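Below is one structure; the comments refer to it alone.
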Number of protein chains: 2
Amino acid sequence: MERTNGQKQPPLGKIARLYYEHGLTHQEIADLCGLSRIKVTRLLAEARLVGIVEITVHSDDHLFVGLESALGHAYPLRQAWVGPAFEDEGRALHSLGAVAADCVTAFLTKGTTVAVGLSGSVAAIPGHLREATGLDLSIVPLTGSKGGVSRAASPHELALSFAAAVDGRAYHLPAPLLARNAQAARVWREDPAVQETLERAVSADVLIAGIGGTAADAGLLVQGLSAAELAGIRKRGAVGDISGRFFDADGAAVPGEVDERLIGPSLEQLRAVPVRIGVARGADKRRALAVALRHGLINVLVTDVSTAEALLADADAPEGAPS
Amino acid sequence: MERTNGQKQPPLGKIARLYYEHGLTHQEIADLCGLSRIKVTRLLAEARLVGIVEITVHSDDHLFVGLESALGHAYPLRQAWVGPAFEDEGRALHSLGAVAADCVTAFLTKGTTVAVGLSGSVAAIPGHLREATGLDLSIVPLTGSKGGVSRAASPHELALSFAAAVDGRAYHLPAPLLARNAQAARVWREDPAVQETLERAVSADVLIAGIGGTAADAGLLVQGLSAAELAGIRKRGAVGDISGRFFDADGAAVPGEVDERLIGPSLEQLRAVPVRIGVARGADKRRALAVALRHGLINVLVTDVSTAEALLADADAPEGAPS
DNA sequence: CAGACGCGTGAACATCTGATCAAAATTCGA
DNA sequence: TCGAATTTTGATCAGATGTTCACGCGTCTG
């Protein structure tokens with residue numbers, strides 16, 4: 001008995017080619033290579049994940065042109081980018097990341113510095129970025145790393161992912177997101193390395209950050225606070241945060257202990273960045289988004305259809321005024 | 001009653017994005033855009049066809065490494081490229097085109113001139129070529145155009161497709177494939193434009209052509225001949241043709257009326273091209289291929305698995321010697 | 001103006017693909 | 001060396017995709 005092939009590790013590129021270039025079915029590839037059909041399915045999935053298979057859509061069509069321009073009229077925005085809405089949180093995040101990736105890409109030119117905030121939505125972006133070689137991009141984190149709980153991307157890792165994806169240089173902010181107390185925060189801020197990176201961040205060309213709400217789980221920052229802290233912040237009128245800085249219904253900073261413990265640019269400093277991209281979606285972000293938009297905390301919006309529609313409704317009937 | 005969207009032409013890029021970047025299903029896109037699911041399926045197919053959607057496999061894995069090197073040992077070849085085999089002729093052609101496209105691409109460097117022969121297999125290539133900008137490529141047809149019967153790609157159109165695909169320049173051979181008679185052929189050959197293009201062709205760096213058999217329908221050339229002509233050629237020992245030039249079992253040219261009527265390089269002239277890629281597959285091409293390989297009419301082979309295996313068997317037991 | 005042809009459309013079906021789950025294999029630790 | 005946890009594997013099934021067919025509309029022709 002002789003076998004035509006010993007059972008070695010299956011060559012990923014070969015399988016991808018047979019499928020995508022030669023149009024074999026999973027089953028046919030399985031038979032050809034002596035694998036099970038499911039194995040082939042998995043290898044193909046891996047090939048896509050790893051990037052051996054790359055699917056590009058050559059088009060700059062925006063998905064929801066109507067909504068985007070409507071938002072542009074209703075709020076003081078440079079641009080709005082709207083993506084499809086999903087029930088499933090996972091899909092929603094993935095999709096929003098794709099839109100946001102297109103959005104940032106549109107702002108990249110030679111030598112651009114991008115400051116990235118800590119946010120689940122922002123973390124979804126790098127996977128969708130296409131390499132933009134030769135642009136000499138710099139990626140700077142806006143805040144320190146959030147330790148503990150989830151190993152959710154720290155701004156540092158986030159900056160690294162961004163940089164890897166677009167072939168840019170990543171900077172590091174060697175500090176925690178929140179210091180132990182106000183005094184410790186002051187010490188951190190005096191650190192030269194921290195200062196240098198923060199200066200670089202506030203003088204960035206483009207800023208991209210999530211918008212957090214004040215619901216219990218609306219944003220990475222909020223999730224790291226105790227119920228008491230959160231209650232305090234809400235009592236002071238906070239409706240949301242951007243890059244860890246809470247703001248009230250007038251778009252003004254909300255002072256307090258948390259604010260003092262945070263290491264990162266102030267709301268005013270953030271405003272100094274010319275292009276401020278806010279990425280968020282979902283019912284619990286709606287209020288915060290409306291305020292951030294109206295008061296120009298962000299001037300480029302990335303969201304999904306249903307949030308966009310809700311925001312348009314808010315623009316007509318501001319605040320919580322029932323019809 | 002108001003509709004959210006009037007029924008206008010559906011934007012292709014948008015649909016492609018929703019599917020490939022945002023992961024919606026056909027059905028979801030249909031609902032979103034007010035189309036039927038099938039319509040979406042078709043639009044996506046079109047998007048792929050047109051090239052709005054581009055799927056790239058980043059890998060230089062060869063598919064059948066073992067066979068390819070075995071062929072390289074069994075015959076005097078520079079390279080062999082083997083693709084999967086199919087029952088269905090259509091799929092086979094498509095697949096072979098993909099392999100051949102990879103193969104030619106491997107030989108393209110700055111300033112390369114590629115001469116293309118008339119052949120169904122060669123016609124399947126352009127669709128799989130990736131743009132290779134900045135290489136300053138020239139594409140030259142090897143023969144004149146075959147009028148009448150099928151509007152199958154003339155070498156001229158073929159050269160144009162190639163050139164368009166790789167961003168090169170196409171040349172034109174203003175002549176028919178076969179002249180009315182030997183004398184008419186001579187007149188054509190004296191035409192300065194014809195001479196110039198032919199000279200360019202025979203001094204090409206790379207040649208890519210199909211290998212025709214002498215079965216009734218084995219190749220575009222053969223299909224254009226009358227039964228009587230074909231019989232005559234076979235009687236003189238022809239086993240196949242490359243770019244319209246028939247050769248016998250010793251790889252020598254087969255003279256005769258058809259040969260005199262043909263406008264294009266002779267077998268000897270073809271041999272002057274350093275890289276001679278032959279593309280063919282199928283039982284009725286097997287004999288011709290074996291001869292073309294053994295006698296160096298081509299030195300790079302593109303074929304499918306089953307043909308490759310047959311050729312290896314032929315190499316062991318040459319000619320029609322039964323075991 | 002009637003008929004015929006061609007194109008575009010959607011319904012039904014067949015196939016392909018991807019997800020879930022349980023069994024098997026493997027690795028790691030004791 | 002054994003057992004337990006983790007990973008890998010393949011069977012089954014639900015859902016997604018693509019193909020085929022028949023219909024209807026518009027257009028061209030006689």
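All chains are named by letter (A, B, ...) in the order of the sequence lines, taking the proteins before the strands, and each is independently numbered beginning at 1. Source: prediction; values computed, not measured.
Inter-residue side-chain proximity for A:Val279 and A:Val99 is flagged as unmet; no heavy-atom pair is nearer than 4.5 Å.
A:Leu63 CG to A:Trp81 CH2: the interatomic distance, rounded to the nearest 0.5 Å, is 9.5 Å. We find the CG-CG distance between B:Leu108 and B:Leu129 to be 8.0 Å, quoted to the nearest 0.5 Å.
Atom C1' of nucleotide D:dG15 and atom CG of B:Leu24 are separated by 16 Å, given to the nearest angstrom. At whole-Å resolution of the value, CZ in B:Arg91 and C1' in D:dG18 are 13 Å apart. Counting to the nearest Å, the P atom of D:dG10 and the CD atom of A:Gln27 are 12 Å from each other. One interatomic measurement links the two molecules: NE2 of A:His26 to P of D:dT9, which rounds to 17 Å at whole-angstrom precision. D:dT17 atom C1' lies 14 Å from atom OH of A:Tyr20, rounded to whole Å.
A cation-pi arrangement is present between A:Lys14 and B:Phe64, with the terminal nitrogen or guanidinium carbon under 6.0 Å from the aromatic centre and inside a 45° cone about the axis.
A 4.0 Å heavy-atom criterion places the boundary nucleotides of DNA chain C facing chain A at C:dC16 to C:dT20, written 5' to 3'.
Listed by residue number, A:Arg37, A:Thr41, A:Arg42 are the residues of residues 36-45 of chain A with a heavy-atom contact under 4.0 Å to DNA chain C.
Shown here for A:Leu311 and A:Arg286, the closest heavy-atom pair between the two residues is CD2-O, 3.7 Å.
The backbone N or O of A:Thr25 sits nowhere less than 3.5 Å from a side-chain atom of A:Arg37 that would complete a donor-acceptor pair.
In this structure, the side chain to side chain contact (heavy atoms under 4.5 Å, CB included) partners of A:Ser161, at least two apart in sequence or on a different chain, are A:Pro126.
Of the listed residues (B:Lys285, B:Arg281, B:Arg91), just one forms a salt bridge (charged side-chain N to carboxylate O under 4.0 Å, His left out) with B:Asp304, and that residue is B:Arg281.
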